[in-house]
Student: 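Mind looking over this structure? Questions follow.
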Amino acid sequence: MALSFEGRVVLVTGSGGGLGREYALAFAERGASVIVNDLGADTKGGGKSSAAADKVVEEIRAKGGKAVANYDSVEDGEKVIQSALDAFGRIDVVVNNAGILRDRSFARTSDLDWDLIQRVHLRGSFMVTRAAWNHMKKQKFGRIIMTASAAGIYGNFGQANYSAAKLGMLGLANTLAIEGRNYNIHCNTIAPVAGSRLTETVMTAELVASLKPEYIAPMVLWLCHEQCQENGALFEAGAGWIGKLRWERSQGCIVRQKNQPMTPEAVRDQWDKICDFTDATKPASIEESVQSIVGVLSQLDSDGEVGANTTAAAAAASVSGVNPTMAVGQKLPPSTFVFTPTQCILYALGVGMSTKDPDHLRFLYEGHEDFGCLPTFGVIPSQAAMMDGGLSSIPGLNIDFTRVLHGEQYLELYKPLPTSGTLTSEATIADVLDKGSGAVILLDVNTYSGDELICFNQFSVFVVGAGGFGGNRNSEKAKAPLPPPKRAPDAVVIDSTTRDQAALYRLSGDWNPLHIDPSFAAMGGFKAPILHGLCSFGFAARHVLRQFAGNDPSRFKAIKVRFAKPVMPGQSLQTEMWKEGNRIHIQCKVKETDSIVLAGAYVDLHGASDASPENLTQQGALKSELVFAEIGRRIKDTGSELVKKVNAVFGWEITKDSKIAAQWTIDLKNGSGSLHKGPYSGKADVTITVSDEDFMEVVQGTLNPQKAFFSGKLKVRGNIMLSQKLEVILKDHAKL
Ligand code: NAI
């Protein structure tokens, strides 16, 4: 299919003549809106005229194309880009082409000869590109061309100033390619050879006539097209030939010996070997380049000098771009998520809910009396911060974000999610781990409604190839996956995804083309676009919610999963569940292949009567409710340990206005311990009766329990000695 630039806005600097004019005409012919920028200077940078640009604009318009002229110097980059925004409202492509020559042998190069060349070529390209950068970033599309020259690549007599500027532009392009790639901004460099007024002094008239600029333009157009994925490369072109360049590095040679000084003589003696290109390597990134050098340190110094390993690790960190000391604790810019019931319903459909199941209606119909939001929707507001490419702006995380895999996910809700409103999320780098083959970034995200904390997410992101920086392998901040029990599952639910499951799920905010674009998926090594890991996660969570919590979202507390393998849309998911108290272990398989896709996963539910803090405060009256909710959480975490220490059942009667307002049972005798609201079914070992107010005072440490007992504020029935053991569970509660 023909390459079209319809809808694209293209700036070609210095397009009043020569190569630039040819590019402008070619872009316009294929539908682009073109800004023809030219100062109208002579070849040495003197003079000024609007005629050159105007003439090209007229040519384009005469052919029915869209173009406007701009006469600013590229040194006024902001003005040049502003003219694109004024005329066409956006900027998609920048071809840095403007140029002049002030050739002199090096000894005769004046300050002005030097400065003018740097200003027009290098500084001009910087000014124009910087002015366009944020617009490209926001729209997540940009194509940039830098025009270098053979004079820079190889050197050329009389062009010291020009060579320096031209290769300076290559260095600039190399870094822009890295900083832009997450935003679909690609930057490539060309070194053209063509007849123009710049070359007519060095080429014969015949050559100038035959090396036509139109033999260069098609390459520029391809590099600037949205289909072209080339980034950070250098091309030579002329006469219809195009070639790509890269660096080659000799195998080289270590000229230093363990525990010995390095000498110039050793360098001399190995010089032939250092310069021998047999079996040369082709390092393509700074990581590849420097890692091999750092490797020499461990080869030579590992068991000899103290601290050599640390040096190697530090050096490796600085080159692989991962530096945990810099990154950990850094915050991403807060993100805001505004939503209505539409988003909740769209999400529910995205994770396979259907009106076929009457009980799903409460998640699909905003008019339903129990209309609510699926708990796993809690990942959606929090991922907005990451989707904006926020991670790439974190110092110490200078890594290739095209090689990122979603490894694990933890979500905890502190109250049921609202079905509309504005939520803000704050993300912090909790830790960065070195897994050797890659780095794992733990990103903790707290999501608030106003000041109220609604939920917590921990994203565990695996970056392939970013390991080896000498960091920790594990972190206590990580929410760990847990293996399921060995017995057969207590329940199994099989559910099919549809062919369009990923196409539907992505509308909830995960726009990664991997899940919709076949060619993008192919680049990642997949036969077809794959389902979002978080979509399978949503399926599994709702299976648990239906099986063990009667589809009541307020029963949901937390979920953890590890994404083990991809799922293809249309495959069936088989969720296997094991109930262990309020924790439901899960494992999710693709039914057709029997491969495990969600591993080490579990859902924590609130017990049917062990009400969440949300429900408690709604009932409102008793302050002690919150303390019991916290005790319940602790029992869940350390119950088995407490059962060993305490081995007793405590009954509680909390009074309000001299009447029993609530009864609680703290069972630290059976199983791994539990808390429930209500009296104990058997006989409690000890029962304590206390008013809500006095209970709070005891907990806060302002009322001594013994005094409370002797003054009759606290009554104890049963084994009074056991009440002393209560300290174990109550003593840390002062901060409540
Ligand atoms: P050209 O002289 O025909 O085109 C350069 C254009 O840039 C001129 O129209 C000029 O008015 C404009 N210009 C100069 N200073 C400007 C400024 N400050 N702001 C805006 N516009 C300005 O030359 P040609 O050959 O078409 O060169 C285009 C680019 O290709 C240049 O960067 C040149 O260095 C580079 N190049 C050309 C080669 C060739 O064989 N023609 C070889 C290697 C590089």
Side-chain angles (χ1 to χ4, degrees), residues 11-26 35-57 69-81 83 94-103 115-129 131 145-156 159 161-170 172-173 189-204 207-217 219-220 234-239 241:
L11 162 69
V12 184
T13 68
S15 50
L19 285 164
R21 169 180 166 274
E22 203 57 45
Y23 305 158
L25 291 170
I35 293 83
V36 178
N37 155 267
D38 208 300
L39 185 67
D42 61 32
T43 54
K44 291 191 161 66
K48 203 171 173 349
S49 145
S50 57
D54 286 344
K55 206 160 151 261
V56 177
V57 169
N70 168 272
Y71 319 114
D72 293 306
S73 165
V74 284
E75 289 186 73
D76 287 324
E78 287 288 346
K79 283 196 197 159
V80 179
I81 294 299
S83 71
V94 169
V95 182
N96 290 294
N97 166 80
I100 56 168
L101 282 180
R102 292 178 77 93
D103 294 357
D115 291 346
L116 277 180
I117 289 291
Q118 308 306 320
R119 274 168 48 190
V120 173
H121 290 274
L122 186 53
R123 186 175 157 81
S125 302
F126 159 66
M127 295 298 280
V128 170
T129 307
I145 297 290
M146 297 290 172
T147 310
S149 152
I153 301 171
Y154 306 105
N156 196 24
Q159 293 197 309
N161 52 357
Y162 181 74
S163 310
K166 284 306 199 188
L167 229 56
M169 291 170 70
L170 176 64
L172 172 61
T189 306
I190 60 166
V193 178
S196 78
R197 63 179 200 167
L198 285 193
T199 44
E200 63 194 5
T201 51
V202 289
M203 291 180 187
T204 61
L207 256 189
V208 169
S210 345
L211 290 170
K212 297 189 170 73
E214 63 240 49
Y215 300 150
I216 309 290
M219 168 182 67
V220 171
L234 170 63
F235 300 90
E236 281 186 288
W241 168 88

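Atoms within each ligand, like the ligands themselves, are counted from 1 in listed order. From a predicted model like this one, the values you see are computed outputs, not experimental measurements.
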Student: Could you tell me whether ligand 1 has any atom less than 4.0 Å away from a heavy atom of Ala191?
Tutor: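 No, that is not the case, since the closest heavy atom of the residue is not under 4.0 Å from the ligand.
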
Student: Under 4.0 angstrom from ligand 1, any heavy atom of Ala41?
Tutor: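 Yes; Ala41 lies near enough to ligand 1 that a heavy-atom distance drops under 4.0 Å.
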
Student: If you measure from each non-hydrogen atom of Thr43 to ligand 1, which part falls under 4.0 Å: side chain, backbone, both or neither?
Tutor: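 None of Thr43 does.
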
Student: Tell me the contacting part of Lys166 for ligand 1: side chain, backbone, both, or neither, using a 4.0 Å heavy-atom threshold, strictly below.
Tutor: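 Side chain only.
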
Student: Counting N and O atoms only, with roles assigned by atom type, does the side chain of Thr199 sit under 3.5 Å from a partner on the main chain of Ala194, one being a donor and the other an acceptor?
Tutor: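 Yes; at least one donor-acceptor contact below 3.5 Å.
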
Student: Compute the shortest N/O to N/O distance between Tyr162 and ligand 1 and return yes if it is under 3.5 Å, no if not.
Tutor: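 Looking only at distances, the answer is yes, because the N/O contact criterion of under 3.5 Å is met.
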
Student: Using a 4.0 Å heavy-atom threshold (strictly under), name the region of Ser15 that reaches ligand 1: side chain, backbone, both or neither.
Tutor: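 The answer is neither.
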
Student: So, Ser83 versus Asp72: side-chain donor-acceptor pair below 3.5 Å or not?
Tutor: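 No.
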
Student: Please say whether Ala194 places an N or O atom under 3.5 Å from an N or O atom belonging to ligand 1.
Tutor: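 The answer is yes, given that Ala194 and ligand 1 share an N or O pair closer than 3.5 Å.
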
Student: Is the shortest N/O to N/O distance between Asn97 and ligand 1 below 3.5 Å?
Tutor: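 Right, the criterion is met.
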
Student: Which donor-acceptor pairs under 3.5 Å do side chains of residues 15-26 form with protein atoms, sequence neighbours excluded?
Tutor:
from  : atom 1 : to    : atom 2 : distance (Å)
Ser15 : OG     : Val12 : O      : 2.8
Ser15 : OG     : Asn37 : N      : 3.4
Arg21 : NE     : Glu59 : OE1    : 3.1
Arg21 : NH2    : Glu59 : OE2    : 2.8

Student: Is there any N or O on Asp38 that sits under 3.5 Å from an N or O of ligand 1?
Tutor: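 Between Asp38 and ligand 1 (N or O atoms, distance only) the closest approach is under 3.5 Å.
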
Student: Is the closest heavy atom of Thr13 to ligand 1 under 4.0 Å?
Tutor: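 Contact check Thr13 vs ligand 1: negative.
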
Student: Restricting to side chain to side chain donor-acceptor pair (under 3.5 Å), what partner residues turn up for Asn156, sequence neighbours left out?
Tutor: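 For Asn156 the side chain to side chain donor-acceptor pair (under 3.5 Å) partners, ignoring immediate neighbours, are Gln159.
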
Student: Which one holds for Ile100 and ligand 1: side chain close, backbone close, both close, or neither close, with close meaning a heavy atom under 4.0 Å?
Tutor: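 Only the side chain of Ile100 comes within reach of ligand 1.
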
Student: Have a look at ligand 1 and work out which part of Val74, if any, has a heavy atom under 4.0 Å from it: side chain, backbone, both or neither.
Tutor: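 Both of them.
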
